[in-house]
K.L.:
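Have a look at this one.
First the proteins, then the strands, lettered A, B, ... as listed; each starts at 1.
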2 protein chains.
Amino acid sequence: MVSFKTVNDFRLHGGKYFMPCISIDCVIFGFHDGQLKVLLLKIANLGGWSLPGGFIYKDEHINDSAHRILIERTGLHDLFLQQFYVFGDPKRCENNITKVVFENTGINAPDNWLLQRFLTIGYYALVDFKTVNARHDLFSEDSDWHDIDNLPILAMDHKNIMQQALLTLRTHLRYEPVGYNLLPKKFTMPELQKLYETILGRKLDRRNFQRKMLSYGILKRLNQRRQGVAHKAPYLYSFDLRKYSTALEEGFQSAW
Amino acid sequence: MVSFKTVNDFRLHGGKYFMPCISIDCVIFGFHDGQLKVLLLKIANLGGWSLPGGFIYKDEHINDSAHRILIERTGLHDLFLQQFYVFGDPKRCENNITKVVFENTGINAPDNWLLQRFLTIGYYALVDFKTVNARHDLFSEDSDWHDIDNLPILAMDHKNIMQQALLTLRTHLRYEPVGYNLLPKKFTMPELQKLYETILGRKLDRRNFQRKMLSYGILKRLNQRRQGVAHKAPYLYSFDLRKYSTALEEGFQSAW
DNA sequence: AGTTCATTGTGTTATTGTAACACAATCAAA
DNA sequence: TTTGATTGTGTTACAATAACACAATGAACT
C-alpha cells in the first residue's frame with residue numbers, strides 16, 4: 001500500500017498507483033438509538049459532506065479495495081460488504097471535488113487523472129455502530145454518523161448513491177437475514193425488531209416478529225437476560241453464525 | 001458513434017474513444033424448445049467462444065453502452081437489461097484475447113489500451129429468441145445460441161460471469177415477474193410454466209402454477225386458443241404491461 | 001365414425017404460514 | 001407494596017401453498 005504525505009501529493013501522483021476512471025464509494029450503515037445512520041466525511045476546506053470512498057490499486061481486487069477503504073474508515077474487519085450498483089452517468093463528475101479545488105487554488109493540470117470522468121462502484125456495508133472507530137483522512141476534516149432521514153447536502157451524486165443503497169438494503173431485508181453486522185454479538189428480540197422496523201420504516205407486530213425470526217433457525221437464545229433495564233428483563237440472543245451464513249447464501253423465501 | 005474498418009484499427013486506436021480499463025459483458029438469455037439459451041460469439045481466428053461485450057464511449061452513460069451493445073448484437077430495442085455485478089479480479093485479464101493475438105501476430109505494443117487490466121461490468125438481458133437477429137462483429141466469426149447446460153469453453157472468466165448471471169436470474173425469478181421479454185407477445189400457460197421450470201431447473205405443479213401466476217394480476221387471458229396443436233387447445237395469454245411494470249418495480253413477495 | 005390418449009381447464013382438501021389479538025410474569029420506579 | 005410499561009407465551013381467524021381428481025378437448029388412430 002502506498003501512502004501520500006499531502007493531499008496535493010496524492011492528487012498529482014496518485015495516478016501512478018491507481019486504476020484510472022474508476023472509484024469506489026461506500027455507504028456504511030450503522031444502527032444506534034433506534035436510528036439507522038450513515039457514516040459521512042466532511043470535505044476539507046470546502047464544506048459539504050461525502051460518502052467515504054477511494055480508488056483501486058492497479059493490482060488489487062476491487063472487493064479488496066472496498067474492504068481496505070472500510071477498514072481505513074471504521075477500523076473494523078468483520079463487516080458485511082456488498083457491491084450494489086455502478087454509477088455511470090457521464091455528467092456525474094462535472095462538479096467533482098478536485099476540479100473545484102484546482103480552480104480555487106489556481107492549479108492548472110487539465111490532464112490530471114482526477115479530472116477525468118469516473119465511474120463509481122457502489123458498495124454498502126453494515127457495521128456495529130458501537131465498535132466503529134470512525135476516522136477521517138487527508139481529504140476530510142471530520143467524519144460523523146448522520147441519520148438517514150436527516151442528511152446534510154452531499155457532494156456530486158452521493159445522495160443518489162445513498163438512496164440506492166437504502167433501497168437495496170430494504171430489498172435485501174425481505175429475502176435474507178440482516179442483523180449480524182449491525183448489532184452487538186448479544187442483543188434482545190426487541191432490539192432486533194427495532195432494527196427491522198427502522199430499516200423498513202414501519203411498525204411490526206412483536207409476537208409475530210418473534211415467531212417468524214425464530215422460525216428461520218438462525219438465532220440462539222442465551223441463558224441470560226439483559227440486566228438493569230426497566231420492566232421485565234428480556235432474554236439475550238445471538239446469531240448462530242453457521243446457520244446465518246447458510247441463510248445468507250440461500251435466502252429465506254422460496255416462492256417457487 | 002465511431003466505426004472501425006479493421007480489427008487492428010480498433011485495437012490500435014480505440015483507446016481514443018473509449019474509457020480505459022472498463023468493459024461491459026452481456027449475458028443474453030433466450031428461450032427456445034424448452035431450453036434456456038445464451039448468445040455467444042465465436043472468437044475470430046482463435047477458436048473458443050466469448051460473451052458479447054464492448055466498451056464505453058467517453059461521454060456515454062454505461063447503461064446506454066450496454067443497450068448499444070445489445071442492439072448491435074440482437075437488433076432488438078425492447079428487452080430487459082440489468083447490471084448484476086462488476087468482475088474485478090486483477091488476474092482476470094492475464095489471458096486476454098488481444099494479448100494472445102498480439103503475440104501470435106508479432107505486434108509489440110506493451111502500452112496498448114487493450115493490454116491493460118480491465119474490470120468488466122456484467123449485464124444480463126432477457127430477449128425473445130424468435131425475434132432476435134443474431135449478428136457477429138469484427139472480432140467474431142460467428143454468433144450462436146447455446147444451451148446453458150451445454151456450453152463450449154469460454155474465454156477468460158466468461159464462464160464465471162455467465163454462472164453469476166444465471167444465479168441472478170434465478171433469484172430474480174423468485175421475487176419479480178419474468179417472461180415478458182423472453183416470450184412472444186402471446187403465449188400459453190404451459191409455455192410460461194415451461195419457462196419457469198427451465199430457469200429454476202425443476203418441475204412445478206401445473207394447477208398451482210396457474211393459480212399463482214394469475215393471482216399476481218399481470219396476465220390477460222385472450223379470447224383465443226393456440227391453433228393446430230395436438231390435444232386440447234390451450235388459451236393464449238399476454239402480459240398486462242402496466243401491471244407487469246408495477247410488479248417489476250415493487251416485487252412480489254412482501255415478507256414483512 | 002368412433003375410439004384412444006395426452007393435454008388442458010377447473011375444482012377440492014389438507015397443511016402450513018400470516019395477521020390480529022389476550023393474558024400472565026417481571027422489574028424498576030413511585 | 002403498588003403501579004405500569006414491557007416481555008414471554010399463547011390462541012384464533014384467515015390466507016397461501018401443496019397435493020391431488022375429474023371432466024373436456026381434439027388430433028391421431030382404427
K.L.:
With respect to B/Phe252, which candidate in B/Tyr175, B/Tyr244, B/Tyr216 satisfies the ring pair (Phe, Tyr, Trp, His ring centres under 6.0 Å) definition?
P.N.:
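Per the ring pair (Phe, Tyr, Trp, His ring centres under 6.0 Å) rule, the option paired with B/Phe252 is B/Tyr216, out of B/Tyr175, B/Tyr244, B/Tyr216.
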
K.L.:
Measure from CD on A/Gln227 to P on D/dT6 and round the result to the nearest Å.
P.N.:
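Result: 19 Å.
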
K.L.:
Closest-nucleotide mapping onto DNA chain C: is A/Asp205 or A/Arg225 further toward the 5' terminus? I mean the 5' end.
P.N.:
A/Asp205

K.L.:
By nearest atom, which of the nucleotides C/dA28, D/dG8, D/dC20 is closest to the A/Ala230 side chain?
P.N.:
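Looking only at side-chain atoms, A/Ala230 lies closest to C/dA28.
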
K.L.:
Is the distance from the ring center of B/Phe80 to that of B/Tyr180 below 6.0 Å?
P.N.:
no

K.L.:
Over how many whole Å does the gap from A/Met213 atom CE to C/dA19 atom C1' extend?
P.N.:
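Nearest whole value for this atom pair: 18 Å.
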
K.L.:
Is a donor-acceptor pair below 3.5 Å formed from side chain B/Arg206 to base C/dG9, judging by atom type as modelled?
P.N.:
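Counting by modelled atom types and ignoring angles, a donor-acceptor contact under 3.5 Å is found here.
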
K.L.:
Can you tell me the distance, in whole Å, between the CG atom of A/Leu214 and the C1' atom of C/dG17?
P.N.:
15 Å

K.L.:
Given the structure, check if the side chain of B/Arg207 and the base of D/dA21 hold any donor-acceptor pair shorter than 3.5 Å.
P.N.:
yes

K.L.:
Looking at the side chain of A/His231, which of D/dT6, C/dT7, C/dT8 is the nearest nucleotide?
P.N.:
D/dT6

K.L.:
When you check the phosphate oxygens OP1 and OP2 of D/dA5, does a side-chain N or O of A/Lys232 lie under 4.0 Å from one of them?
P.N.:
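For A/Lys232, the contact criterion (side-chain N or O under 4.0 Å from OP1 or OP2 of D/dA5) is not met.
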
K.L.:
Let's see if you can work this out: which of D/dG8, C/dT7, C/dA28 has an atom nearest to the side-chain heavy atoms of A/Tyr235?
P.N.:
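That would be D/dG8.
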
K.L.:
Minimum heavy-atom separation for A/Ile62 and A/Gln83, please, with both atom names.
P.N.:
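Of all heavy-atom pairs spanning A/Ile62 and A/Gln83, the closest is CD1-NE2, 3.5 Å.
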
K.L.:
Rounding to a whole Å, what distance do you find between A/Lys194:NZ and D/dT6:P?
P.N.:
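Rounding to the nearest Å, NZ of A/Lys194 and P of D/dT6 are 11 Å apart.
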
K.L.:
For A/Gly228 and for B/Ala233, find the nucleotide of DNA chain C with the closest heavy atom, then tell me which residue's nucleotide is more 5'.
P.N.:
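Nearest-nucleotide comparison on DNA chain C picks B/Ala233.
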
K.L.:
Between atom CZ in B/Arg211 and atom C1' in C/dA14, what is the gap in whole Å?
P.N.:
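To the nearest whole Å, that distance equals 13 Å.
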
K.L.:
Quickly work out the B/Gln193 CD to C/dG9 C1' distance and round it to whole Å.
P.N.:
13 Å

K.L.:
Below 4.0 angstrom, N of the basic side chain to O of the carboxylate: do A/Asp128 and A/Lys130 qualify?
P.N.:
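Salt bridge flag = no for A/Lys130 with A/Asp128.
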
K.L.:
Give the rounded distance in Å between these two atoms: CE of A/Met189 and P of D/dG10.
P.N.:
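The answer, rounded to whole Å, is 14 Å.
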
K.L.:
Indicate, with a heavy-atom threshold strictly under 4.0 Å, whether B/Arg221 touches base, sugar-phosphate, or nothing.
P.N.:
sugar-phosphate

K.L.:
Given D/dA18, C/dA20, D/dT17, identify the nucleotide with an atom nearest to the side chain of B/Asn208.
P.N.:
D/dA18

K.L.:
In whole angstrom, what separates B/Leu204's CG from D/dA19's P?
P.N.:
11 Å

K.L.:
Between the side chains of A/Asp137 and A/Arg73, is the shortest nitrogen-to-carboxylate-oxygen separation below 4.0 Å, so that they form an ion pair?
P.N.:
yes

